[in-house]
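Structure, as structure tokens:
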Amino acid sequence: MNDEDGDKGSTAPERSTPDPYATPESVEPDTVADPPTPEPDEVPAPDNAPAPDEAAAPENAPASGGAPAPEASAGQPNADDAPTTQLNLGDLGERSEEQVPDAPLWVEPPANEDVTQVIPAIPPGPVPGPTQAYTTPADEPTVVAPAAAAQVPPQPAPETSAPAEPSAEPTTPARAPWVKIAAVTGGVIALIGIAYAADLAVSSGKVPRGVTVAGVDVGGSSREEAEAILQAQVGPRADQPLTVTAGDVSTQLVPSAAGLGVDWEATLDRADSQPLNPFTRLTSFFTTDEIGVVPTRDEAALASAVDGLRSETDRASREGTVVFEGPTPVPVDPSTGQNLNGEGAEAALTEEWAFGRTVDLPVDVVPVTVTKEGVQRALAEVAVPAASADLVVTGRDGKVATAARQQIGAIVGFEPDGNGGLKPTYNFEAAIGILAPQLVSTEIAPKDATITLDGGSPTVVPAVIGDLVQWPKTLETLPELLRGNGSHATAAVYGPVPPALTTEAAQALGVKEVIGEFTTGGFSAASGTNIRLAASEINGALVKPGDTFSLNGYTGPRGTAQGYVESGIINNGRPDTAVGGGVSQVATTLYNAAYFAGMEDVAHTEHSYYISRYPEAREATVFEGAIDLQFRNTGKTGVMIQAIGGASDLTIRFWGTKTVDVESITGNRTKPTEPDTVTLPAGDHCIASSGAPGFTASDTRVISDHATGQEISRNTRTVRYDPVPIVKCEEPVAAPKPEERTPAASPAPSAPAESPKPTTPKPNPNDGE
């Protein structure tokens, strides 16, 4: 039955129930075997099928009116019976407990059908009674299966029943739509499979379709072609300047110089891999697949290149503030800083350099805390009023001190307040530095009490109490003073200032008598200049109880700017000259005066070799910045130093209150050593010397109580002196004249010997001035 006919809904023709004992006129007498089961939609009618208006009725089947047919006599076939074509209905209807084996059922198609439908056969089995082939609607006639095709006895003719009501619907069911859908789908899948296999075969051995490497299309190319294309287009990019951006900064670098390159084999292996996913292969017709290059990198070179970018990319954040350009306050807007993210920059360059396009490098932003609004607020409320007028401080006698508007920037500043704004700062020291010198003439400076020896004995000169401007108090209202837009004037506040050493304190020091002194002599004229200058600087020095005196600290630098001249020193164990030479004689004289005054030895150094005008193991040297002489006043009264420099001698006295007596015991010389001979080119820096042997000496200081004579301490110091070298200054031997040489023995001419150039002496720690 055609699909279109089955859907028309035409009414089936009336069916008559044939005589179960009658043989259909259209059926041949021979028995026909079961035909093969055709497809449900198109089943050809069997050759021996009954006519369209006839239907085979099974034996003993009831009439259409419902009356049962008379049973056939067992073993006696009806004479009118003839062989009929049987159709096996299979399981289309409800089975009875027993079925007639091989009982075919013929179903008459409706009148409008042009194809006879064959019902599948019902499995064989005994059928005790009639079997319904299928269930029809209530208004359709019931079709039953015929009896088995066997010889049966003749049966009486049944009564003819009334014709059945025509059916309102066709008896043949419509073909299921999923069958057609499945067939179409299967065909599509088959076509896709064929296309997939063909595409895979055609693409074999080539770079997949749609593949790009660093923006270069190599899809469909062979491996060799792809390599040539990439080498030609991507390869040169390694040596070309690459633009990089970091935040708002743009600069360049050369990838190859940064250690970047391409692993061509690995890149081609990645590009040459054909995808097996059908969807991926389909989309490759319309899209591209960027796989990038497989990069190579030199870690050290790349890190160095990235660090080299920092000078251009990195910048510190700038907080908003207000500055003064002369008398004009100028707002400075805040600006965030940035630092190049080294690890991220290396990763970005590695992955993207081969594309030849600008590479964005990540940066870490350094935030700011001040807002533009905060800057404008500080400008309007503080800076502009502060610069609107001069700062004026009025002193005594009509004197005034002025900080002009142009100088306000040195006094007023700003710093973040942590809340987006600025808070003003005031530099009081700068303000005092500008204003104080202008009012010095209105002040009375304090003056310490002093001790003089003008009358031959110590006399205390009374101290003077000062009367100075109290600048912290005068400027304590400076912030409020500068906020106004009018006059910025205030009055100076004066107050008394006591001296560091009052008259009473000076008198209590007990400076009244000589407690120790020492004299040395025998120096040269140049040394005398330096000796007298150094002595004048320490003359009158007051050492309070518990204080430590330093010779280098008290005199300060001893150079030409201070009036010192060049004189003899000991340099590297031999005589030499330098500016300040001879001051070691001041050190030796001062050391011995402190020695006999009972001062505590803190630091001193002997000369490297013995000088005959000094006592053995009781002398000292100094050198600016290297060797110093220090002692401490351990007494309960003060000590004043008196230094008197003569033409050829130096005397130093210690004045105070005598509490101890000091004795020096010098030991015998031991362990003598002979000097070496040193030959130097004659010149200004060669000082001849006859030399002297070295030896070891000792000195013992015994300190006793002045009032009782009882010994307080005994200390021995042992000193080893190096021998004084024998220094010979000789002129260089002149080279013989050319004519005095024999041709055979004449050596190549040599350059004449040069005289040694004078050099600045560098002292040995054991030498001195």
Side-chain angles (χ1 to χ4, degrees), residues 513-522 538 543 545-551 570 573 583-623 627-637 639 641-643 649-673 692-724 764-768:
E513 58 186 331
V514 176
I515 62 174
E517 69 176 299
F518 197 75
T519 300
T520 60
I538 66 173
V543 185
D547 286 355
T548 297
F549 180 88
S550 166
L551 179 57
I570 298 175
V583 177
S584 287
Q585 186 147 349
V586 177
T588 295
T589 307
L590 181 63
Y591 171 75
N592 278 272
Y595 178 97
F596 288 107
M599 300 293 104
E600 179 185 350
D601 181 19
V602 174
H604 89 279
T605 302
E606 292 84 359
H607 288 85
S608 60
Y609 59 82
Y610 176 66
I611 300 175
S612 59
R613 63 180 180 269
Y614 301 148
E616 300 173 11
R618 211 178 69 219
E619 45 87 17
T621 185
V622 290
F623 200 97
I627 308 171
D628 194 13
L629 168 65
Q630 299 177 9
F631 58 85
R632 182 182 295 112
N633 178 10
T634 58
K636 296 180 181 180
T637 59
V639 172
I641 300 174
Q642 181 185 24
D649 59 13
L650 171 66
T651 299
I652 296 180
R653 297 189 182 102
F654 276 43
W655 292 80
T657 300
K658 192 171 184 64
T659 59
V660 297
D661 295 321
V662 177
E663 180 185 6
S664 173
I665 303 173
T666 303
N668 296 326
R669 296 182 180 183
T670 61
K671 301 179 181 178
T673 55
F695 60 91
T696 298
S698 65
D699 175 79
T700 301
R701 183 169 78 155
V702 180
I703 301 177
S704 303
D705 184 84
H706 179 67
T708 65
Q710 185 177 0
E711 186 176 309
I712 297 174
S713 64
R714 181 183 293 263
N715 293 296
T716 299
R717 182 178 180 87
T718 301
V719 180
R720 178 183 178 274
Y721 291 106
D722 295 331
V724 179
N764 186 293
N766 290 327
D767 298 340

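The structure displayed is predicted, hence computed values, not measured ones.
Heavy atoms only, all atoms of each residue included: Asp699 and Ala617 are closest at CB-O, 3.7 Å. Shown here for Leu629 and Ala587, the closest heavy-atom pair between the two residues is CD2-O, 3.4 Å. Contact detail for Gly635 and Pro545: the closest heavy-atom pair is O-CB, 3.3 Å. Contact detail for Gln585 and Leu650: the closest heavy-atom pair is O-CD2, 4.2 Å. Heavy atoms only, all atoms of each residue included: Glu663 and Tyr595 are closest at O-OH, 4.0 Å. What you find for Phe695 and Pro693 is that their closest heavy atoms are CD2-O, 4.0 Å.
Between the CD atom in Glu619 and the OG1 atom in Thr605 there is a gap of 10.0 Å [rounded to 0.5 Å]. For the atom pair Leu590 CG and Phe549 CZ, the distance stands at 6.0 Å (nearest 0.5 Å). Atom-to-atom distance recorded for His604:NE2 and Leu551:CG is 13.5 Å, nearest 0.5 angstrom. Within the model, atoms CZ of Arg720 and OG of Ser608 stand 10.5 Å from one another, a figure rounded to the nearest 0.5 Å. We find the CG-CD1 distance between Asp705 and Ile712 to be 5.0 Å, quoted to the nearest 0.5 Å. Here the CD1 atom belonging to Ile665 is positioned 5.0 Å from the CZ atom belonging to Arg714, to the nearest 0.5 angstrom.
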Apply the test side chain to side chain contact (heavy atoms under 4.5 Å, CB included) to residues Thr718 and Thr696: give CA-CA distance (whole Å), side-chain angles for both, the deciding distance (0.1 Å), then the verdict.
-> CA-CA 7 Å; Thr718 301; Thr696 298; 3.6 Å; yes
Could you walk me through whether Ile538 and Ile652 pass the side chain to side chain contact (heavy atoms under 4.5 Å, CB included) check?
-> CA-CA 10 Å; Ile538 66 173; Ile652 296 180; 4.2 Å; yes
Would Val719 and Glu616 satisfy side chain to side chain contact (heavy atoms under 4.5 Å, CB included), going step by step from the backbone distance to the final call?
-> CA-CA 8 Å; Val719 180; Glu616 300 173 11; over 6 Å; no
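No hydrogens or angles considered: a donor-acceptor pair under 3.5 Å links the side chains of Thr700 and Thr716. There is a side-chain donor-acceptor pair under 3.5 Å between Asp628 and Ser550. In this model, a donor atom of one side chain and an acceptor atom of the other lie less than 3.5 Å apart for Thr589 and Thr520.
Within the 4.5 Å cutoff, the side chain of Asp601 has no heavy atoms near those of the Asn715 side chain. Contact of the Met599 side chain with the Val543 side chain is not registered, since no non-hydrogen atoms from C-beta on lie closer than 4.5 Å. Within the 4.5 Å cutoff, side-chain heavy atoms of Pro615 are placed close to those of Asn592. Proximity of Thr673 to Asp722: side-chain heavy atoms (C-beta onward) are nowhere separated by under 4.5 Å.
Side chain of Thr621 to main chain of Glu606: no donor-acceptor pair is present (N/O by atom type, distance under 3.5 Å, no hydrogens or angles).
Evaluation of the ring-ring contact (aromatic ring centres under 6.0 Å, His included) rule for Phe518 yields no partner, not counting sequence neighbours. Taking the salt bridge (Lys or Arg N to Asp or Glu O under 4.0 Å) definition, one finds that Glu600 meets it with Arg632, sequence neighbours left out.
Note on ring orientation: taking the six-membered ring where Trp is involved, the planes of Phe631 and Phe654 are tilted (angle from 30° to 60°).
None of Tyr721, Tyr614, Phe623 except one satisfies the ring pair (Phe, Tyr, Trp, His ring centres under 6.0 Å) rule with His607; the exception is Tyr614. When Gln642, Glu517, Glu513 are each tested for a side chain to side chain donor-acceptor pair (under 3.5 Å) with Trp655, only one passes: Gln642.
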